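Everything numeric here is computed off the predicted structure, so don't read it as measured data. Each chain gets a letter, A, B and so on, in the order the sequences are listed, and its residues count up from 1.
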Amino acid sequence: MLLGTVEGNIWSTKKSPGLLGKSFLTVRVGEQLLICADCVGAGEGERVLVATGGAARVAAGKDAPVDAAVVGIVDQT
Amino acid sequence: MLLGTVEGNIWSTKKSPGLLGKSFLTVRVGEQLLICADCVGAGEGERVLVATGGAARVAAGKDAPVDAAVVGIVDQT
Amino acid sequence: MLLGTVEGNIWSTKKSPGLLGKSFLTVRVGEQLLICADCVGAGEGERVLVATGGAARVAAGKDAPVDAAVVGIVDQT
Amino acid sequence: MLLGTVEGNIWSTKKSPGLLGKSFLTVRVGEQLLICADCVGAGEGERVLVATGGAARVAAGKDAPVDAAVVGIVDQT
Amino acid sequence: MLLGTVEGNIWSTKKSPGLLGKSFLTVRVGEQLLICADCVGAGEGERVLVATGGAARVAAGKDAPVDAAVVGIVDQT
């Protein structure tokens, strides 16, 4: 998985049916910005684990056309 | 998913049978140009969500040899 | 998919059984050279659509160990 | 697979159900930091083999939303 | 697939069960070093075709947690 930081939300009204009811976060991973399905209720500024590719659909559901999902919030230490 | 901007269309007459009847958009994602199956009716200049890999086939159909698909148009805010 | 230009052919006599009978093209995609199964009969110098990952096996056959395939020839305009 | 070096551990209390009971390592692969499910009991400083994508789930279990897993410790020679 | 050059072997005694009995090659692909399951008996210095992702498991077996495999030796011309 990748380590990222949640920057905010993004909305899309016109989208594939498989994305209905999901919420999306913009997550910065190094220099890249990924749009991730939120599977854990993460909020802005939190450090998160991002699963990519098929792993994202294990978390978000196999019928969702997503390739990135927030699957964990990193514990602060 | 990736955030991109639709730049235009691309046509291919000689192609794999699984691509028949699909329309393709050229989408700029950072410095990269991706050819995406259009699953939402996006147009030039619109900011879109691009699903890659197997996620593209969840949206475009599992028998289509596509690895990138436009799955959402980002709401303007 | 990616936009590339066919540079030539490549041959491999000693290979995995699943590659038997397939022809392979060297395709330039930006700065990268990809070896692609040819699914449309593309020739040197043509601009082509390259499908990667599982999408390549949708076009080339699921028992072929290929991760890149030429799935379309871009129309000249 | 990729060659990496284990840098440490990472903990996430709030996570997808499929990640419960797994331990995660931070692994440096070149300039990139990957969070990997630990499938072999690797420790800090060890050189390891990292499997990515679906290969990670072959090792870690298909219901785990992981896209990277430590699948081997490289023998010292 | 990617074009690479075999640099040598790598051994791992402590590894995932699915890797037992497989031999691994270090293969240079441009600036990157990939650890590949050897499916064709390639040797040091040979130019090879590397299949990545799920394609590697088509060649190496679906129960092997590998994401890269040498699937062909390029003919010298």
Side-chain angles (χ1 to χ4, degrees), chain C residues 1-44 46 48-72, chain E residues 1-9 16 18-77:
Chain C
M1 283 70 62
L2 302 169
L3 256 186
T5 304
V6 179
E7 293 204 340
N9 296 276
I10 198 166
W11 284 272
S12 168
T13 302
K14 194 173 180 183
K15 61 191 166 202
S16 289
L19 296 181
L20 286 171
K22 301 209 174 291
S23 73
F24 295 96
L25 301 167
T26 52
V27 178
R28 181 151 303 273
V29 178
E31 306 210 338
Q32 191 169 23
L33 199 66
L34 292 177
I35 312 300
C36 304
D38 181 11
C39 297
V40 295
E44 198 179 323
E46 287 188 297
V48 293
L49 297 179
V50 173
T52 62
R57 294 189 293 287
V58 172
K62 70 180 168 53
D63 296 325
V66 306
D67 58 14
V70 172
V71 296
Chain E
M1 283 70 62
L2 302 170
L3 256 186
T5 304
V6 179
E7 293 205 340
N9 296 276
S16 289
L19 296 180
L20 286 171
K22 301 210 175 290
S23 72
F24 294 96
L25 300 167
T26 52
V27 178
R28 181 151 302 273
V29 177
E31 306 210 337
Q32 191 169 23
L33 198 67
L34 292 177
I35 312 300
C36 303
D38 181 11
C39 297
V40 295
E44 197 179 323
E46 287 189 297
R47 287 180 78 223
V48 293
L49 298 178
V50 174
T52 62
R57 294 189 295 286
V58 172
K62 68 180 170 50
D63 296 326
V66 306
D67 57 16
V70 172
V71 296
I73 299 175
V74 177
D75 293 354
Q76 294 182 323
T77 52

Can you tell which of E:Val50, E:Val58, E:Leu3, E:Val29 has the highest number of heavy-atom pairs within less than 4.5 Å of chain C? E:Val58
Where does C:Leu19 contact chain E at under 4.5 Å (heavy atoms): side chain, backbone, both or neither? side chain
Part of C:Ala64 lying under 4.5 Å from any heavy atom of chain E: backbone
What part of E:Val48 is in contact with chain C, defined as an atom under 4.5 angstrom from a non-hydrogen atom: side chain, backbone, both or neither? neither
So which part of E:Leu49 gets closer than 4.5 Å to some heavy atom of chain C, the side chain, the backbone, both or neither? side chain
Indicate yes or no: at least one non-hydrogen side-chain atom of C:Leu34 is less than 4.5 angstrom from one of E:Met1. no
Find out whether C:Ile35 and E:Leu2 are in side-chain contact, i.e. whether some heavy atom of one side chain is under 4.5 Å from a heavy atom of the other. no
Short donor-acceptor contacts under 3.5 Å linking chain E with chain C:
from	atom 1	to	atom 2	distance (Å)
E:Met1	N	C:Ile35	O	2.5
E:Met1	N	C:Asp67	OD1	2.7
E:Met1	O	C:Ile35	N	2.8
E:Thr52	N	C:Asp67	OD2	2.7
E:Thr52	OG1	C:Asp67	OD2	2.7
E:Val71	O	C:Ser16	N	2.8
E:Ile73	N	C:Ser12	OG	3.3
E:Ile73	N	C:Lys14	O	2.9
E:Ile73	O	C:Ser12	OG	2.9
E:Asp75	N	C:Trp11	O	2.8
E:Asp75	OD1	C:Thr13	N	2.8
E:Asp75	OD1	C:Thr13	OG1	3.1
E:Asp75	OD2	C:Thr13	N	3.4
E:Asp75	OD2	C:Thr13	OG1	2.7

Between C:Pro65 and E:Ala59, the two heavy atoms sitting closest are CB-CB, 3.9 Å
